[in-house]
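Below is one structure, written out as structure tokens, with a few remarks after it.
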Amino acid sequence: MHVAITGLGLVTSLGNDAATIDASLDAGRTGLSPGEGLVALLPVPGVGACAFDARPILRRKKDRKLIPRAAELAIGAAHAALTSAGLLIGALEEVGAFVGVGREPPDSGEVERALVRSARGGALDAELLATDGVAAYPPLAPLRTLPNMVLAHVAIQLGLMGEAGTRAGDVAAGLAAIHEGVLAIQEGRAAQVLAGGADSLVDAGSARDVVRLGLAGPEVGPGEGAAFVVLESADAARARGARIYAIITHSSTGFEPEPGPCPPAEPRIGWCGSADGAIDLVRRVARGRSGEARRVDHDGAVAEVGWSVG
């Protein structure tokens with residue numbers, strides 16, 4: 001079965017469509033801006049923050065306070081991909097969703113009370129953690145920090161109820177999610193799938209971590225972004241008159257025992273973590289270029305997706 005890409009969605013620090021991003025890069029512009037607060041102390045050229053607000057497409061604007069930044073970006077890119085595929089928001093119950101995410105984001109201080117109550121003699125006490133600590137833990141905190149909540153918020157806001165899964169990692173995660181989507185179509189587990197990656201590394205805690213890991217530094221700033229595709233069988237796409245942006249030629253995941261450094265596809269939009277490979281794929285498909293996107297995480301996880309346009 002041939003799997004087609006019928007929808008594309010992007011959110012980056014240089015814009016939310018490939019043409020805008022390319023025009024900015026050709027003009028010598030960068031998506032990096034000066035870091036604020038503690039981020040300004042890090043040895044980076046800036047941060048690739050996105051000028052994006054998901055409230056106009058949320059079911060309830062007040063939901064935004066419970067949505068982590070990566071999920072907000074994911075909702076924007078997913079909405080764009082589904083719309084470009086000609087799928088109606090609100091009628092997506094059978095559409096599957098696979099999302100690549102990065103490390104668990106830090107909280108904004110709301111769990112400090114629980115940690116203080118879990119300490120005895122300057123150290124974490126398991127008994128206190130299970131009693132006073134749990135009692136003081138904010139019940140809504142996991143909605144902002146658990147990695148699989150990016151998928152959950154996308155599904156809730158856009159009404160997706162089909163086959164779903166989260167792939168966690170670094171730069172390979174978004175492509176791994178697209179590979180999972182290809183398999184879901186080929187194996188008949190879903191007729192249409194939304195797949196891609198989203199990450200936000202511009203807060204102080206996340207930015208510090210990627211600098212510590214050597215993924216950002218003097219030449220590359222921490223960034224944020226999201227990219228999604230809509231996948232379906234080529235025959236089904238033609239039958240419903242959908243535009244076919246590309247045909248998937250191959251996809252896979254694996255492991256590389258001795259991984260080398262994997263620089264971001266475009267450092268001027270910042271290190272976008274688990275969204276990096278998906279952003280690269282969507283940008284090139286949108287420009288009408290055949291190719292392959294391959295990413296290797298620092299722990300050796302590998303994912304690749306190849307496609308043909310025209």
Side-chain angles (χ1 to χ4, degrees), residues 10-12 48 68-71 73-74 77-78 96-106 142 144-155 163-184 193-203 205-217 220 222-229 231 248 250-267 269-282 292-306:
L10 272 173
V11 175
T12 79
R69 181 60 174 168
L73 303 175
F98 295 89
V99 181
V101 300
R103 293 169 173 264
E104 184 171 349
R144 296 186 60 84
T145 59
L146 291 177
N148 63 345
M149 292 309 297
V150 175
L151 169 62
H153 285 297
V154 169
E163 182 94 4
T166 294
R167 291 298 299 260
D170 287 318
V171 291
L175 293 177
I178 294 175
H179 170 62
E180 292 291 340
V182 171
L183 293 180
V193 163
L194 173 77
D199 218 340
S200 179
L201 304 166
V202 299
D203 61 271
S206 298
R208 176 205 60 203
D209 284 349
V210 294
V211 170
R212 176 177 58 82
L213 292 169
L215 303 176
V220 179
E224 62 178 4
F228 283 87
V229 297
L231 303 169
I248 300 295
H250 64 277
S251 66
S252 66
T253 56
F255 180 76
E256 196 166 283
E258 298 181 3
C262 187
E266 179 45 72
I269 66 174
W271 179 267
C272 296
S274 58
D276 182 78
I279 289 174
D280 184 24
L281 183 153
V282 170
E292 176 187 271
R294 185 177 190 270
R295 292 294 183 275
V296 184
D297 285 349
H298 70 281
D299 64 359
V302 180
E304 63 182 35
V305 179

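Excluded from the calculations below are hydrogen atoms, water molecules and symmetry mates; all remaining heavy atoms, backbone and side chain alike, are included. Throughout, numbering of the chain's residues begins at 1 and tracks the sequence.
A salt bridge links D276 with R295: at least one charged nitrogen is closer than 4.0 Å to a carboxylate oxygen.
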Run the side-chain contact (heavy atoms from CB on, under 4.5 Å) test on R69 and D203 for me, step by step, so that the C-alpha distance in whole Å, both residues' side-chain angles and the decisive distance to 0.1 Å come before the verdict.
CA-CA 10 Å; R69 181 60 174 168; D203 61 271; over 6 Å; no
Stepwise side-chain contact (heavy atoms from CB on, under 4.5 Å) test for L175 and R294
CA-CA 8 Å; L175 293 177; R294 185 177 190 270; 5.5 Å; no
Go through it in stages, so that I can follow the logic: the residues are V101 and N148, the test is side-chain contact (heavy atoms from CB on, under 4.5 Å), and I'd like the CA-CA distance, side-chain angles, deciding distance and then a yes or no.
CA-CA 8 Å; V101 300; N148 63 345; over 6 Å; no
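Here H298 contributes atom NE2 and L215 contributes atom CG; the two are 7.0 Å apart, rounded to the nearest 0.5 Å. To the nearest 0.5 angstrom, E256 atom CD is 11.0 Å from D299 atom CG. Put simply, CG on L281 and CZ on F228 are 12.5 Å apart, with the number rounded to the nearest 0.5 Å.
In terms of heavy atoms, A275 sits closest to G197 at CB-O, 3.7 Å. Across every non-hydrogen atom of G169 and S274, the tightest pair is O-CB, 4.4 Å. When all heavy atoms of A77 and V11 are compared, the closest pair comes out as N-CG2, 3.7 Å. When all heavy atoms of V154 and A74 are compared, the closest pair comes out as CG2-CB, 3.7 Å. Between A177 and A195, the shortest heavy-atom distance links the atoms O-CB, 3.7 Å. Shortest non-hydrogen contact noted between S252 and H179 is N-ND1, 3.4 Å.
A side-chain contact (heavy atoms from CB on, under 4.5 Å) with F98 is found for one member of T166, I178, V193, V182 and no other, namely V193.
Remark: the backbone N or O of L201 is not paired with any side-chain donor or acceptor of D199 at under 3.5 angstrom. Distance alone, capped at 3.5 Å, places no donor-acceptor pair between the D170 side chain and the D297 backbone.
Not counting sequence neighbours, the partners of R167 by the side-chain hydrogen bond (donor to acceptor under 3.5 Å, both in side chains) test are E180.
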